[in-house]
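This report concerns only the one structure given below.
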Amino acid sequence: MELIDSHTHWGPSVSMGTEVTTQEILKQAEQSSVSRIVIFPFPSMALADENINVRLLKEANRIKKFIPYYYIPETMEPIPKEKGFYGGKWHWMRGVQDSSSNYEALKDPKLEEFIEASEKIDLPIVFEEELAFTEAFARKTKSLKIIIPHLGMLGGNPIDFLRSFKSSENVYFDTALAGPDTVMKFIKEIGHERILFGSDIPFGTMKWELEKVLSLPIGDDKKESILSKNLERLIGLNQIV
Ligand SMILES: [Zn+2]
(Lines give C-alpha, C1' and ligand atoms only; values in the text may rest on other atoms or scores of the structure.)
Protein backbone atom coordinates (compact mmCIF):
# COMPACT_ATOMS: atom_id res chain seq x y z
CA MET A 1 0.00 0.00 0.00
CA GLU A 2 1.42 3.37 -0.99
CA LEU A 3 1.57 6.00 1.76
CA ILE A 4 1.42 9.73 1.05
CA ASP A 5 1.55 12.40 3.72
CA SER A 6 -0.76 15.25 2.61
CA HIS A 7 0.34 17.88 5.16
CA THR A 8 3.83 18.86 6.28
CA HIS A 9 5.61 22.17 6.79
CA TRP A 10 9.02 22.62 5.21
CA GLY A 11 11.72 25.23 5.72
CA PRO A 12 12.29 27.99 8.22
CA SER A 13 9.63 29.37 10.55
CA VAL A 14 10.06 33.02 11.49
CA SER A 15 7.61 32.88 14.38
CA MET A 16 9.10 29.74 15.94
CA GLY A 17 12.71 30.53 15.10
CA THR A 18 13.25 26.96 13.87
CA GLU A 19 13.58 25.15 10.59
CA VAL A 20 12.18 21.87 9.32
CA THR A 21 14.88 20.48 7.09
CA THR A 22 14.56 18.18 4.12
CA GLN A 23 16.62 15.62 6.04
CA GLU A 24 14.18 15.65 8.95
CA ILE A 25 11.16 15.06 6.73
CA LEU A 26 12.93 12.33 4.74
CA LYS A 27 14.07 10.63 7.95
CA GLN A 28 10.51 10.48 9.25
CA ALA A 29 9.23 9.31 5.85
CA GLU A 30 11.77 6.50 5.77
CA GLN A 31 10.88 5.36 9.28
CA SER A 32 7.22 5.13 8.31
CA SER A 33 7.64 3.90 4.71
CA VAL A 34 5.91 7.02 3.40
CA SER A 35 6.81 7.36 -0.28
CA ARG A 36 5.64 10.89 -1.05
CA ILE A 37 5.16 13.99 1.04
CA VAL A 38 3.21 17.20 0.46
CA ILE A 39 5.23 20.19 1.66
CA PHE A 40 4.27 23.82 2.09
CA PRO A 41 6.00 26.82 3.69
CA PHE A 42 5.35 28.03 7.21
CA PRO A 43 2.87 30.91 7.23
CA SER A 44 5.19 33.27 9.12
CA MET A 45 7.95 32.60 6.59
CA ALA A 46 5.68 33.10 3.59
CA LEU A 47 4.39 36.39 4.96
CA ALA A 48 7.93 37.61 5.64
CA ASP A 49 9.30 36.55 2.27
CA GLU A 50 7.10 35.29 -0.53
CA ASN A 51 10.18 33.95 -2.28
CA ILE A 52 9.93 30.91 -0.02
CA ASN A 53 7.47 29.48 -2.56
CA VAL A 54 10.25 29.52 -5.15
CA ARG A 55 12.76 27.95 -2.77
CA LEU A 56 10.29 25.25 -1.82
CA LEU A 57 9.61 24.47 -5.46
CA LYS A 58 13.34 24.17 -6.16
CA GLU A 59 13.72 21.74 -3.30
CA ALA A 60 10.81 19.66 -4.60
CA ASN A 61 12.50 19.52 -7.99
CA ARG A 62 15.59 18.13 -6.29
CA ILE A 63 13.78 15.71 -3.97
CA LYS A 64 11.35 13.70 -6.04
CA LYS A 65 9.41 12.49 -3.01
CA PHE A 66 8.22 16.03 -2.32
CA ILE A 67 4.90 17.32 -3.64
CA PRO A 68 5.06 21.15 -3.51
CA TYR A 69 2.07 23.30 -2.54
CA TYR A 70 1.95 27.05 -3.12
CA TYR A 71 1.40 29.39 -0.17
CA ILE A 72 -1.33 31.76 -1.34
CA PRO A 73 -0.08 35.26 -0.58
CA GLU A 74 -2.17 38.08 0.85
CA THR A 75 -2.53 39.45 -2.68
CA MET A 76 -4.61 36.31 -3.44
CA GLU A 77 -2.58 35.09 -6.39
CA PRO A 78 -3.89 31.75 -7.68
CA ILE A 79 -1.62 28.69 -7.75
CA PRO A 80 0.92 28.95 -10.61
CA LYS A 81 0.28 25.37 -11.73
CA GLU A 82 2.51 25.68 -14.79
CA LYS A 83 5.51 26.07 -12.49
CA GLY A 84 4.93 22.63 -10.98
CA PHE A 85 2.81 23.14 -7.88
CA TYR A 86 0.23 20.48 -7.02
CA GLY A 87 -1.95 22.38 -4.59
CA GLY A 88 -2.21 25.44 -2.42
CA LYS A 89 -2.27 26.54 1.19
CA TRP A 90 -4.74 29.22 2.30
CA HIS A 91 -4.01 30.29 5.84
CA TRP A 92 -6.02 32.87 7.84
CA MET A 93 -5.97 35.32 4.92
CA ARG A 94 -5.05 38.76 6.32
CA GLY A 95 -6.29 37.58 9.71
CA VAL A 96 -4.61 36.52 12.92
CA GLN A 97 -2.92 33.16 12.33
CA ASP A 98 -4.59 30.18 14.01
CA SER A 99 -6.82 32.56 15.90
CA SER A 100 -9.21 34.84 14.04
CA SER A 101 -10.38 35.28 10.47
CA ASN A 102 -10.50 38.65 8.75
CA TYR A 103 -13.96 38.83 7.15
CA GLU A 104 -12.94 41.88 5.12
CA ALA A 105 -11.02 39.47 2.88
CA LEU A 106 -14.35 38.00 1.76
CA LYS A 107 -15.42 41.40 0.41
CA ASP A 108 -12.28 41.91 -1.68
CA PRO A 109 -13.19 41.87 -5.41
CA LYS A 110 -9.95 39.92 -5.97
CA LEU A 111 -11.54 36.97 -4.21
CA GLU A 112 -14.01 36.36 -7.04
CA GLU A 113 -11.12 36.38 -9.52
CA PHE A 114 -9.13 34.08 -7.28
CA ILE A 115 -11.97 31.56 -7.03
CA GLU A 116 -12.72 31.64 -10.73
CA ALA A 117 -9.06 31.10 -11.60
CA SER A 118 -8.67 28.38 -8.96
CA GLU A 119 -11.70 26.48 -10.28
CA LYS A 120 -10.03 26.35 -13.69
CA ILE A 121 -6.66 25.36 -12.23
CA ASP A 122 -8.49 22.53 -10.45
CA LEU A 123 -5.90 21.83 -7.75
CA PRO A 124 -6.86 21.38 -4.09
CA ILE A 125 -6.32 24.08 -1.48
CA VAL A 126 -5.61 23.30 2.17
CA PHE A 127 -7.88 25.90 3.66
CA GLU A 128 -7.70 27.07 7.24
CA GLU A 129 -10.05 29.72 8.68
CA GLU A 130 -12.84 29.98 11.24
CA LEU A 131 -15.95 27.94 10.46
CA ALA A 132 -18.11 30.96 9.49
CA PHE A 133 -15.39 32.22 7.11
CA THR A 134 -14.95 28.76 5.61
CA GLU A 135 -18.71 28.49 5.08
CA ALA A 136 -18.88 31.89 3.40
CA PHE A 137 -15.95 31.01 1.14
CA ALA A 138 -17.38 27.59 0.28
CA ARG A 139 -20.73 29.13 -0.67
CA LYS A 140 -18.90 30.90 -3.49
CA THR A 141 -17.80 27.70 -5.23
CA LYS A 142 -19.17 24.28 -6.00
CA SER A 143 -16.14 22.81 -7.73
CA LEU A 144 -13.02 24.18 -6.05
CA LYS A 145 -11.54 21.41 -3.91
CA ILE A 146 -11.01 22.54 -0.35
CA ILE A 147 -9.10 20.47 2.22
CA ILE A 148 -9.87 21.44 5.81
CA PRO A 149 -6.89 20.53 8.01
CA HIS A 150 -7.23 18.85 11.41
CA LEU A 151 -10.94 18.12 10.69
CA GLY A 152 -11.47 21.84 11.38
CA MET A 153 -9.98 21.71 14.87
CA LEU A 154 -8.24 25.12 14.73
CA GLY A 155 -11.18 26.93 13.14
CA GLY A 156 -13.81 25.70 15.56
CA ASN A 157 -15.42 22.43 16.62
CA PRO A 158 -14.83 19.56 14.13
CA ILE A 159 -18.41 18.35 14.61
CA ASP A 160 -19.73 21.73 13.47
CA PHE A 161 -17.48 21.53 10.39
CA LEU A 162 -18.77 18.04 9.75
CA ARG A 163 -22.40 19.16 9.97
CA SER A 164 -21.76 22.11 7.70
CA PHE A 165 -19.91 20.31 4.93
CA LYS A 166 -21.40 16.84 5.12
CA SER A 167 -22.96 17.04 1.68
CA SER A 168 -20.34 19.28 0.03
CA GLU A 169 -18.59 16.82 -2.27
CA ASN A 170 -15.78 19.31 -2.96
CA VAL A 171 -14.80 19.63 0.71
CA TYR A 172 -12.17 17.25 2.13
CA PHE A 173 -10.59 16.88 5.56
CA ASP A 174 -7.15 15.83 6.79
CA THR A 175 -6.56 13.73 9.89
CA ALA A 176 -3.55 15.61 11.30
CA LEU A 177 -3.61 15.91 15.09
CA ALA A 178 -7.28 14.87 15.30
CA GLY A 179 -8.43 12.21 17.74
CA PRO A 180 -9.20 8.74 16.29
CA ASP A 181 -12.78 8.83 17.58
CA THR A 182 -13.43 12.07 15.73
CA VAL A 183 -11.84 10.64 12.57
CA MET A 184 -14.20 7.65 12.84
CA LYS A 185 -17.20 9.95 13.26
CA PHE A 186 -16.26 11.70 10.02
CA ILE A 187 -15.77 8.42 8.15
CA LYS A 188 -19.19 7.18 9.31
CA GLU A 189 -20.91 10.40 8.24
CA ILE A 190 -19.20 11.28 4.95
CA GLY A 191 -17.40 8.07 3.96
CA HIS A 192 -13.65 7.56 3.52
CA GLU A 193 -13.25 9.19 0.10
CA ARG A 194 -12.98 12.72 1.44
CA ILE A 195 -10.51 12.03 4.26
CA LEU A 196 -6.73 12.44 3.82
CA PHE A 197 -3.83 11.32 5.98
CA GLY A 198 -1.58 14.16 7.13
CA SER A 199 1.07 14.45 9.84
CA ASP A 200 1.44 18.24 10.14
CA ILE A 201 5.20 17.96 10.81
CA PRO A 202 6.60 19.56 12.98
CA PHE A 203 3.40 19.76 15.08
CA GLY A 204 2.82 16.04 14.69
CA THR A 205 5.06 13.12 13.77
CA MET A 206 4.56 10.94 10.73
CA LYS A 207 4.92 7.75 12.74
CA TRP A 208 2.29 8.66 15.32
CA GLU A 209 -0.16 10.07 12.80
CA LEU A 210 0.24 7.08 10.51
CA GLU A 211 -0.26 4.57 13.31
CA LYS A 212 -3.42 6.41 14.27
CA VAL A 213 -4.92 5.87 10.80
CA LEU A 214 -3.63 2.29 10.53
CA SER A 215 -5.29 1.37 13.81
CA LEU A 216 -8.75 2.69 12.85
CA PRO A 217 -11.41 -0.06 12.85
CA ILE A 218 -11.95 0.03 9.06
CA GLY A 219 -10.94 -2.23 6.17
CA ASP A 220 -7.61 -2.00 4.35
CA ASP A 221 -9.25 -0.67 1.19
CA LYS A 222 -10.61 2.30 3.12
CA LYS A 223 -7.26 2.85 4.80
CA GLU A 224 -5.58 2.83 1.41
CA SER A 225 -7.97 5.55 0.20
CA ILE A 226 -7.16 7.75 3.18
CA LEU A 227 -3.42 7.03 3.06
CA SER A 228 -2.87 7.69 -0.65
CA LYS A 229 -5.64 7.09 -3.19
CA ASN A 230 -7.78 10.10 -2.29
CA LEU A 231 -4.88 12.52 -2.60
CA GLU A 232 -3.63 10.87 -5.80
CA ARG A 233 -7.06 11.43 -7.30
CA LEU A 234 -7.20 15.03 -6.11
CA ILE A 235 -3.88 16.14 -7.56
CA GLY A 236 -3.64 13.77 -10.51
CA LEU A 237 -0.53 12.22 -9.03
CA ASN A 238 -0.60 9.20 -11.32
CA GLN A 239 0.48 11.51 -14.09
CA ILE A 240 3.68 12.41 -12.26
CA VAL A 241 6.65 10.47 -13.58
ZN1 LIG B 1 -0.09 22.58 9.45
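Counting starts at 1 for both ligands and their atoms, following the listed order.
Not one N, O or S atom of E128 sits under 2.8 Å from the Zn ion (ligand 1). Note on H9: counted as a metal contact of the Zn ion (ligand 1), an N/O/S atom lying under 2.8 Å.
D174 places a side-chain N or O within 3.5 Å of a backbone atom of H150 that can act as its donor or acceptor partner. The closest donor-acceptor contact from the side chain of S199 to the backbone of I201 lies under 3.5 Å.
Restricting D200 to its N/O/S atoms, the shortest distance to the Zn ion (ligand 1) is reached by OD1. Restricting H7 to its N/O/S atoms, the shortest distance to the Zn ion (ligand 1) is reached by NE2.
With I4 as reference, I67 is the one residue of I235, N230, L227, I67 to meet the side-chain contact (heavy atoms from CB on, under 4.5 Å) rule.
Few gaps surround CD on E24; more than 12 heavy atoms of other groups in view lie less than 6.0 Å from it.
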